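Notes to accompany the following structure.
In listed order, ligands and their atoms are each counted from 1. Given the structure is predicted, the values throughout are model-derived calculations rather than measurements. Start at 1 with the first residue, then count along the sequence.
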Amino acid sequence: MKAVVLVGGFGTRLRPLTATTPKQMLPVVDRPIIEYVLSTLERGGVSEVTLALGYKEDLFRAAYPDAVCGGVSLSYAVEPEPLDTAGAVRFAADAAGLDESFLVVNGDVLTDIDVRSLWERHHETGAQATIALTRVDDPTRFGVVPTDSQGRVLGFVEKPCREEAPTNWVNAGVYVLEPEIPGRIAGDRRVSIEREVFPAVAAENGLWAVKSEAYWIDIGTPSTYVQAQLDLIDGVRGAAMAAVAADAHVAEHAGVDRSVVMDGASVAAGAVVRDSIIMQGALIDEGALVDGSIIGPGARVGTGAKVTGMSIVGDRMSVEPGRLVDGSKIPMGD
Ligand code: GDD
Ligand code: MG
């Protein structure tokens, strides 16, 4: 199986972290998100992946100079300007010369969805496209996908308001497409697969879906970026991963509770870190509190400062000693 992985978005909701690092290159516990995505595809039987790139594409190339990642071989399709999700699929399918069924995956989704069974179901029904569905509490942030009892898609509504969401089953960002689909996507403008292509294919009765109860999370918001990592250290997805990197330093009298402390980070005596992510090389000084927040690479939280309420401290930024930061981003407005 071959796959296109969409990694060209700006990661706006994760600013300021994504000002320096594209979303799919942000670390999750011990390695970039993209490596989890590609390993899951490899386990499902995918051997070749085309990364559909745009924003900060050079950082992907630099990280994988041999064009191998997560056990799959990589090729790169770099859009001259962002073409949106369907435009990116068309561009990447042309670049890779895809002329048989192929998978498409949103590169910011961590999941154990079985792509092999999605592939098999797609070929049983003769669909033009088959979407994996996952169940969420709040469907308004996703593509909402009502189906009949066989799995034929009755409609596709991207990010509806709550009254307009007919079901909690949503697009998981994992698809199988027939090679004719890229051919019907306009090549000269931005095209959304969710707002334009899927509703049209559903109207022709060519769109099918497969429901999955497997682990699934889209890491594209601060709270889900934190949650995905807490799930890994809590053992929600198999064996629990180590929360504190081998070369991180946590002082004896520091309190680190249900948090990730990445490579080279340091938590001083008397500091408390709870339900948070302390990224590479960040420093948490004595008596500081970090609660439900993200401290970016090389950032520093000064003595006695408090960072709470899903705040994000950007790369190499500092919180002055004693300062309170609650529900904010530093730098502000980013
Ligand atoms: N190459 C390229 N070009 N990639 C893009 C572009 C583009 O112009 N725009 C977005 N992407 C990539 C993003 O980097 C991300 O990996 C993926 O496409 C999806 O974009 P998001 O911005 O993360 O979309 P979303 O999370 O709001 O919604 C999408 O995912 C949900 C599931 O997580 C939709 O597909 C929803 O229908 C779906 O439910
Ligand atoms: Mg997303």
Side-chain angles (χ1 to χ4, degrees), residues 3-15 17-18 21-26 32-34 36-38 41 49-57 59-60 75-96 103-111 113 129 131-146 153 155-160 165 167-175 177 182 185-187 189-199 201-202 207 209 211-212 215-225 227-228:
V4 171
V5 178
L6 300 177
V7 293
F10 293 109
T12 324
R13 290 163 290 189
L14 282 175
R15 283 187 193 151
L17 300 174
T18 45
T21 307
K23 176 163 63 170
Q24 298 83 3
M25 288 301 293
L26 288 173
I33 294 151
I34 188 71
Y36 292 87
V37 174
L38 297 181
L41 289 175
V49 165
T50 301
L51 294 185
L53 296 166
Y55 181 61
K56 297 198 181 291
E57 49 92 11
L59 296 186
F60 291 89
S75 62
Y76 301 106
V78 183
E79 289 148 52
E81 57 194 345
L83 294 171
D84 208 341
T85 44
V89 167
R90 177 186 164 144
F91 187 85
D94 285 352
L103 283 155
V104 176
V105 178
N106 287 352
D108 61 347
V109 164
L110 298 188
T111 182
I113 287 174
I131 308 176
L133 303 183
T134 189
R135 191 163 28 185
V136 294
D137 291 335
D138 176 11
T140 62
R141 289 180 37 222
F142 302 102
V144 179
V145 187
V153 173
F156 190 113
V157 203
E158 182 68 7
K159 304 195 175 103
T167 168
N168 282 20
W169 287 97
V170 302
N171 170 22
V174 181
Y175 325 122
L177 303 185
I185 297 168
R189 61 179 172 88
R190 291 170 58 86
V191 184
S192 159
I193 203 162
E194 299 87 352
R195 296 182 192 277
E196 197 169 323
V197 179
F198 287 153
V201 181
L207 190 60
K211 291 178 177 171
S212 171
Y215 180 87
W216 183 90
I217 194 165
D218 172 334
I219 59 77
T221 67
S223 63
T224 57
Y225 178 57
Q227 187 62 47

Quick test: of every protein heavy atom, which one is nearest to atom 38 (C) of ligand 1, and how far off is it to 0.1 Å? Asn171 O, 3.3 Å

Counting from 1, what ligand 1 atoms have a heavy atom of Phe142 closer than 4.0 Å? 31 (C), 32 (C), 39 (O)

Test your reading of the model: is there a side-chain donor-acceptor pair from Arg190 to the backbone of Gly87, 3.5 Å cut-off? no

Among Thr224, Asp108, Val174, whose heavy atom sits nearest atom 23 (O) of ligand 1? Asp108

Short list, please: which atoms of ligand 1 are under 4.0 Å from a heavy atom of Asp218? 26 (O), 32 (C), 33 (O)

Of all heavy-atom pairs between Gln24 and Gly107, which one has the smallest distance, and what is that distance? CG-O, 3.1 Å

Numbered atoms and elements of ligand 1 in range of Val109, under 4.0 angstrom, heavy atoms: 33 (O)

Taking atom 30 (O) of ligand 1 as the reference point, the nearest protein heavy atom with its distance: Asn106 ND2, 3.0 Å

Return the minimal non-hydrogen interatomic distance between Leu53 and Phe60, and the atom names on each side. CD2-CD1, 3.4 Å

Val170 touching ligand 1 at heavy-atom level, < 4.0 angstrom: no

Option among Phe156, Trp216, Trp169 that satisfies the ring pair (Phe, Tyr, Trp, His ring centres under 6.0 Å) test with Phe142: Trp216

Per-atom contacts of ligand 1 with Leu83, taking only distances under 4.0 Å to non-hydrogen atoms: 8 (O)

If you measure every N/O of Gly8 against every N/O of ligand 1, is any gap under 3.5 Å? yes

Non-hydrogen protein atom less than 4.0 angstrom from atom 20 (O) of ligand 1: no

Where Thr18 and Gly11 come nearest, the two heavy atoms and their spacing: OG1-O, 2.7 Å

Before giving the answer on side chain to side chain contact (heavy atoms under 4.5 Å, CB included), spell out for Asp84 and Arg189 the whole-Å C-alpha distance, their side-chain angles and the decisive distance to 0.1 Å. CA-CA 9 Å; Asp84 208 341; Arg189 61 179 172 88; over 6 Å; no

Closest approach of Phe198 and Ala129, non-hydrogen atoms and distance? CE2-CB, 4.2 Å

So which protein heavy atom does atom 10 (C) of ligand 1 come closest to, and at what separation? Gly9 CA, 3.9 Å

Where does Val7 meet ligand 1, judged by heavy-atom distances below 4.0 Å: at the side chain, the backbone, both, or neither? backbone

Contact between Tyr175 and ligand 1, counting heavy atoms under 4.0 Å? yes

Verify side chain to side chain contact (heavy atoms under 4.5 Å, CB included) between Tyr76 and Glu57, making sure each step is shown before the conclusion. CA-CA 9 Å; Tyr76 301 106; Glu57 49 92 11; over 6 Å; no

With side chains defined as the heavy atoms from C-beta onward, is the minimum distance between Lys159 and Glu194 less than 4.5 Å? no

For ligand 1, which atoms, with element, lie under 4.0 Å from some heavy atom of Lys23? 23 (O)

Please classify the Tyr55 to ligand 1 contact at 4.0 Å (heavy-atom distances, strictly less than): side chain, backbone, both or neither. neither

Please write down residue, atom name and distance for the protein heavy atom closest to atom 18 (O) of ligand 1. Leu6 CB, 3.5 Å

Nearest heavy-atom pair of Thr85 and Ile193: which atoms, and what distance? OG1-N, 3.0 Å

What N, O or S atom of Asp108 is found closest to the Mg ion (ligand 2)? OD2

Begin from the C-alpha positions of Ser212 and Thr134 and carry the test side chain to side chain donor-acceptor pair (under 3.5 Å) through to its verdict. CA-CA 6 Å; Ser212 171; Thr134 189; over 6 Å; no

Pair Val37, Leu110 - check side chain to side chain contact (heavy atoms under 4.5 Å, CB included), show working. CA-CA 6 Å; Val37 174; Leu110 298 188; 4.2 Å; yes

Starting from atom 3 (N) of ligand 1, which protein heavy atom do you reach first, and at what distance in Å? Glu79 OE1, 3.0 Å

Considering both backbone and side-chain atoms of Phe156, is one of its nitrogen or oxygen atoms within less than 3.5 Å of a nitrogen or oxygen in ligand 1? no

Among Thr50, Ile185, Leu83, the one residue meeting side-chain contact (heavy atoms from CB on, under 4.5 Å) with Phe91: Leu83

Shortest protein contact, atom 7 (C) of ligand 1 (heavy atom only): Asp84 N, 3.6 Å

Taking all heavy atoms of Leu14 and all of Thr221, pick out the closest pair and write down the distance. CD2-C, 3.5 Å

May I ask you to check whether Gly107 has an N/O atom sitting below 3.5 Å from an N/O atom of ligand 1? yes

For Pro82, the ligand 1 atoms with a heavy-atom partner under 4.0 Å come out as 8 (O)

Within 4.0 Å of some non-hydrogen atom of Glu158, the atoms of ligand 1 are 28 (O), 34 (C), 36 (C), 37 (O)

Suppose I only count heavy atoms of Ala88 and a 4.0 Å limit; which atoms of ligand 1 are within that range? 1 (N), 2 (C), 3 (N)

Among non-hydrogen protein atoms, atom 35 (O) of ligand 1 lies closest to Glu194 OE2, 2.5 Å

To which protein heavy atom is atom 22 (O) of ligand 1 closest, and what is the distance rounded to 0.1 Å? Arg13 NH2, 3.5 Å

Of the choices Lys159, Arg195, Gln24, which has the non-hydrogen atom that lies closest to atom 27 (O) of ligand 1? Lys159

Looking at Val136, is its backbone amide N or carbonyl O close enough to the side chain of Asn168 to form a donor-acceptor pair, meaning the two atoms are under 3.5 Å apart? yes

Ignoring hydrogens and angles, tell me if any N or O in the side chain of Asn106 forms a donor-acceptor pair with the backbone of Asp108 under 3.5 Å. no

Asp218: which N/O/S atom is nearest the Mg ion (ligand 2)? OD2

